[in-house]
Structures are given as C-alpha cells and as structure tokens.
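Each remark here refers to the structure printed beneath this line.
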Amino acid sequence: MKQMSGGHMLMETFLKEGVDLIFGYPGGAIMPVYNALYDYRGKIRHILVRHEQGASHAAEGYARITGKPGVCLATSGPGATNLITGITDALMDSVPLVCITGQVASHLVGTDAFQEADIVGMTTPITKWNYQITKAYEIVNVIAKAFSIAKSGRPGPVLIDITKDAQIDTGSFSYKPYQIKKTYLSLITQKNNIKKAADLLNNAKRPYVLIGHGVQISYAEKELLQFVEKGGFPTAATIHGLSSLPANHPLYVGMLGMHGNYGSNILTNKADVIIAIGMRFDDRVTGRIKDYAPQAKIVHVDIDQSEHNKIIKTALAIVGDAKEVLRKLIPLIKKNSHAEWIKEFRKCDAIEYEKAVRPEMAPTTPLIKMAEVIAMLSKKTNGQSIIVADVGQHQMMAARYYKFQKPKSFITSGGLGTMGFALPASIGVKLASPKRNVIAVIGDGSFQMTIQELATITQEKLPVKIILLNNNYLGMVRQWQELFFDRRYSFVDLDNPDFIQVAKGFRIPGLKVEKRKDLAKGVDKMLLAKTPFLLEVHVEKEGNVFPMMPTGASVEEIRLE
C-alpha cells in the first residue's frame, strides 16, 4: 500500500470517484489539501471562485447537468460557513454535493481557536450526512461513503470536515468503493401498487400527470414521453420539472404553481386521477391544502418515502426511482386519448392569453416588458439554450415564456429561492455543458449578491451570456407590497451602479438596451458573442407577474390580473 499524506489521499480518492472538476477557495485550514492539489494539475481542474457561496452554487450547476456530485472546497470558519446557503439550496432541490472543509488541528477543536467553527453541528440539519475526520487513515473510506450517500436515493449534499493535522499526516492508500444499500422498497414488492396505479389511470375520465425534478434526476425523459403519449395524458410540470417534456408537445399543458399557467392550476381540481412523479407537493404548487384536488385519487411516485402523505393524502404511494417506475407502468397502460379533457386546458390557455399573455406581448407603453425579452430570446434560440435563472420576477418570466425543447434546460433555485444563485451556477453549468449556449437570466437585485463571480467567468474564459433585466426594484417584493400591502413600498428601491461599466471592469463586454427598437439587435449581439457578454435591458419599473396564486389561496383562486 502506497504511503501518502492525507491531502494526497483525498485527491486519489477523488480520482477514483471520477472527480475531474472542483470549485473552491483556499485558506489556512485547508492549505495542506491545496498543497496536494498542486500535484494533480492536469488531472483535476480547480475553479477559483471569488466567494465560497459561489463555489457551492457552481457545484450545484455542474451537478444539475451531469448528475455527478458537485465538489467544493473551503477553509474553516468563515470559509465553511459561507457554504451554508448553497448546501441548504442543494438539500431543498435534491442536488448531490460533496463539500470538503478544512478544520483547525484536532487538539484545538473546541477551544475557540482562530477560524474555528462547528461546521458539523451547523450543517447537520441541511445535509444527508456529515462527518469530521481527525485521522488521515479515515479519509479514503469516509470520502467514498460521502460520494455514495450524496448520489444515492434522493440526491443531496454531504459535508466532510477534515482537521489540518489529518490532512498533513501520512497513511496507507487503499480504496474500496462504498456500496450503500437501497433504503427504498423494491419495486417487486410494490408490483400490486403499480398494477393498481395503471388500473386507476386506464379507467380515469380526466387523468392528469404532474412531473417534478425527479424525472430529470433519474434521466426518465424518454420513459415519461412514452408513458404520456401511450395514455394520452395531459402533463404539467413543477418549476424543476420544466424541460422534461418539450414545451410544444400537444400533451404538455404548462407549469404548476403560484405563477404557473391558468389551466394547469385550476383544472387540478377537476381531475379524477392524478399521478405525481418525482415531485413533493410543496406549498407553491398546492396552495391551500384542504382545497387541493379533493375529488381526485392521487398516485404519488417518489424515491423518498418520507414525502408520501406528508402534505397530500394519497390513494397509492409508490416508492422508487422515476425511470424504474415508469418502465414498470408503461406496459400496463392502455393506448388512449383524452381529447375532450385536453380541450379544457386549451380553453384555459385562451383565457390566460387574453388576460395575462397578450398584455405582455403587445404592450401599449414604450417600456420594455420582461416577458417580451424572454419570448424573443426563446424564439431566437429555438428553445435550445440552457437558461440559468435567479430568483424573482425574472425567474418566473423565464419559466413561463421560454419554450424549452431539450431536457435539463432550466436551472434555478426552487425550494430555497436563493437570490444570487444564477451567476455562479451558470459557471458550473457551462463547464458541464460547454457545447450548449448557457444564458443566465438575472435581476438587478440578485446580480449584486454574487456579482464578484464575473471575475471567475473572466479568469476561466467561459462564454456565459448574461441577460440582466433591470427595473431598479426588488421586483417580486415590490409586487407583493403593491397587491397586499397597499403599495407601501418599503425598502425595495435600488440605486444601482452602471452595470455595463462594472462588467467592463471585469473585462466583460456589454450592451445596455433601453428602447424596444434596439432589443432584437441587442439579443443578437449577445448570442453571437464568442466571449462572456452582459446584455442589460431596462424594463418597466412596476411590471407584475400574472397569473398569481396568492398565499393561502386555493389553486382555483389563481388571479389572471
């Protein structure tokens, strides 16, 4: 067995786990690991972010595209605590991360040493597993276990804290893959439930398929397509389910949720059988729970058994991977068509178009609207780009008006709603998918939370395109204050910098568009750029996103204006 330092054992284990890309920021307590990393140049690429939060979001973006755990490194104390937002974000959105933090030497742990923080205690509620390594010999097995846990079952983040002396001390390197036992029930034992689910769907008059992030996590897009086409099922998506089915597919009926489509929401309460695949019935989808689909028999397919009956009572619960379950269901589904039922969705689409879409697409004022920017972007890219959206009005507009044609094309912070997510996440997305056009859609508030990552984009020469929709407001907060707080606009005005000059300081070219007549040329210039590019579009200051389901309302009470 080869003798090496703990830092070198970590690198060798990374290689065994297929790691070739790391996002991180060095510091005192992680320095022995970085010293070892120096010897692995050419084997492991390291992306030097400008803030540890950027490392965790970039790792999320990479993981969302590749399906592999994203890896990030940080030092102890503030370095470690700066990862917490991204770790929480990953837990909420089921994204596999392996986060490695340095820690003060083991004999100093618990003494309030310089840059000491109990990161294991802090991250216990927001990780699938965490562990503190104090001996070099622990590194290989613990890291192997970390990767296995991060990607098994319902994916999520893992944090391993390594004391400085464990990184320096030497030991024998001997790698063995960690085999984790499946914690969910075998589909063989659930054969009866799968048969019952098929019977319910085959006999339904108004069946409805709801898809979430689990479809893309399990790479089940092809199976989903076969399933819905065979049964003729209308299908709606959560925000993380977007792009699982092409937006122009005749069975796709729109996005669920607070700012989702009109028909996909209100007709939930007319369906007689609902099958929810890889989604968790969060509050933004269900609205008022007691009035959510009371007439429907609900089949819930999810790999995480704890999600079943947690929020919505189900008629049948199937524990399993979405791809595996769909493969079992497809042969049992009868060829069918539900044309009259689908017509009801299309009637709702027409109502939504007149009330909510037409005013966005045919504005009566010279002010540019967010929706028309996204619609133009969608048309010019044929729905083929990867959109990385931040959080706010621009996020909802991107979700609503970009017509996704390929899987894994919409990356955003869903469960946690993390402002500042998109810019660093787009770094990981672009590195994971260098041949696809990656466009970050960001608001002026969100942009300033992680704007320093422009330096990372420049240093790594990543041709990420950025559309900044600037309304000089914290737009979503302002919308709520307008609608529910009597227009008492409390601290939502933003006195912004000259973003084009800021980008220029980072050696990123940019263009500001303030008039509608200049918009098309501006989008073209951004798309044709071979380098990173910032397109700042000044949009109407008090635009709102509709439809909107107010907090505490039912899905039938969604507002169109």
Residues E221, S244; criterion side-chain hydrogen bond (donor to acceptor under 3.5 Å, both in side chains); working and verdict: CA-CA 6 Å; E221 293 90 350; S244 298; 5.1 Å; no
Check against salt bridge (Lys or Arg N to Asp or Glu O under 4.0 Å), E12 and K2: CA-CA 11 Å; E12 289 292 333; K2 192 174 180 181; 5.6 Å; no
Chi angles and distances behind the side-chain hydrogen bond (donor to acceptor under 3.5 Å, both in side chains) call for E229, H249: CA-CA 10 Å; E229 287 185 341; H249 194 283; 2.7 Å; yes
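Using modelled atom types, one side-chain atom of E453 and one backbone atom of R50 make a donor-acceptor pair closer than 3.5 Å. Proximity of a side-chain donor or acceptor of T13 to a complementary backbone N or O of V140 within less than 3.5 Å is not detected. Judged by distance alone, the side chain of S413 and the main-chain N or O of T418 form a donor-acceptor pair under 3.5 Å. Side chain of T163 to backbone of A105: no donor-acceptor contact under 3.5 angstrom is found. Here the side chain of R64 pairs no donor or acceptor atom with the backbone of G61 at under 3.5 angstrom. S152 places a side-chain N or O within donor-acceptor distance of the main-chain N or O of S148, the cut-off being under 3.5 Å.
Residue K512 qualifies as enclosed at atom NZ: its count of foreign heavy atoms under 6.0 Å is above 12. When the shell of 6.0 Å around NZ of K222 is examined, it contains 12 or fewer heavy atoms from other residues, nucleotides or ligands. Annotation: K310, atom NZ; neighbour count of heavy atoms from other residues, nucleotides and ligands within 6.0 Å is above 12. At most 12 heavy atoms of other shown residues, nucleotides or ligands fall within 6.0 angstrom of atom CZ in F114.
Here the options are I374, V388, D390, I466, the test is side-chain contact (heavy atoms from CB on, under 4.5 Å), and the partner is V441; only I374 passes. Checking T381, N382, N248 one by one against Q405, the side-chain contact (heavy atoms from CB on, under 4.5 Å) holds for a single residue, N248.
For the residue pair N130/D161, the side-chain donor-acceptor check at 3.5 Å is not satisfied. Judged purely by distance below 3.5 Å, without hydrogens or angles, the side chains of H57 and Q53 pair a donor atom with an acceptor atom. When only modelled atom types and interatomic distance are considered, R507 and T458 share no side-chain donor-acceptor pair under 3.5 Å.
Rounding to the nearest 0.5 angstrom, the gap separating the CG atom in L454 from the NZ atom in K504 is 15.5 Å. Taken to the nearest 0.5 Å, the OG atom of S446 stands 11.5 Å off from the CD1 atom of I451.
A salt bridge does not link R280 with E307: none of the charged nitrogens is closer than 4.0 Å to a carboxylate oxygen. Under the 4.0 Å criterion applied to side-chain N and carboxylate O atoms, E223 and K328 are not assigned as salt-bridge partners. By the 4.0 Å N-to-carboxylate-O rule, K135 lies too far from D169 to be salt-bridged with it.
Ring planes of F14 and F147: perpendicular class, angle over 60° (limits at 30 and 60°). Ring geometry, F410 versus F404: the interplanar angle falls from 30° to 60°, so the pair is classed tilted.
For H308, the ring-ring contact (aromatic ring centres under 6.0 Å, His included) criterion is met by H300, not counting sequence neighbours.
Sequence neighbours left out, not one pair with a member in residues 423-441 passes salt bridge (charged side-chain N to carboxylate O under 4.0 Å, His left out).
For an aromatic pair to be called close, the ring centres must be under 6.0 Å apart, and H46 with Y34 satisfies this.
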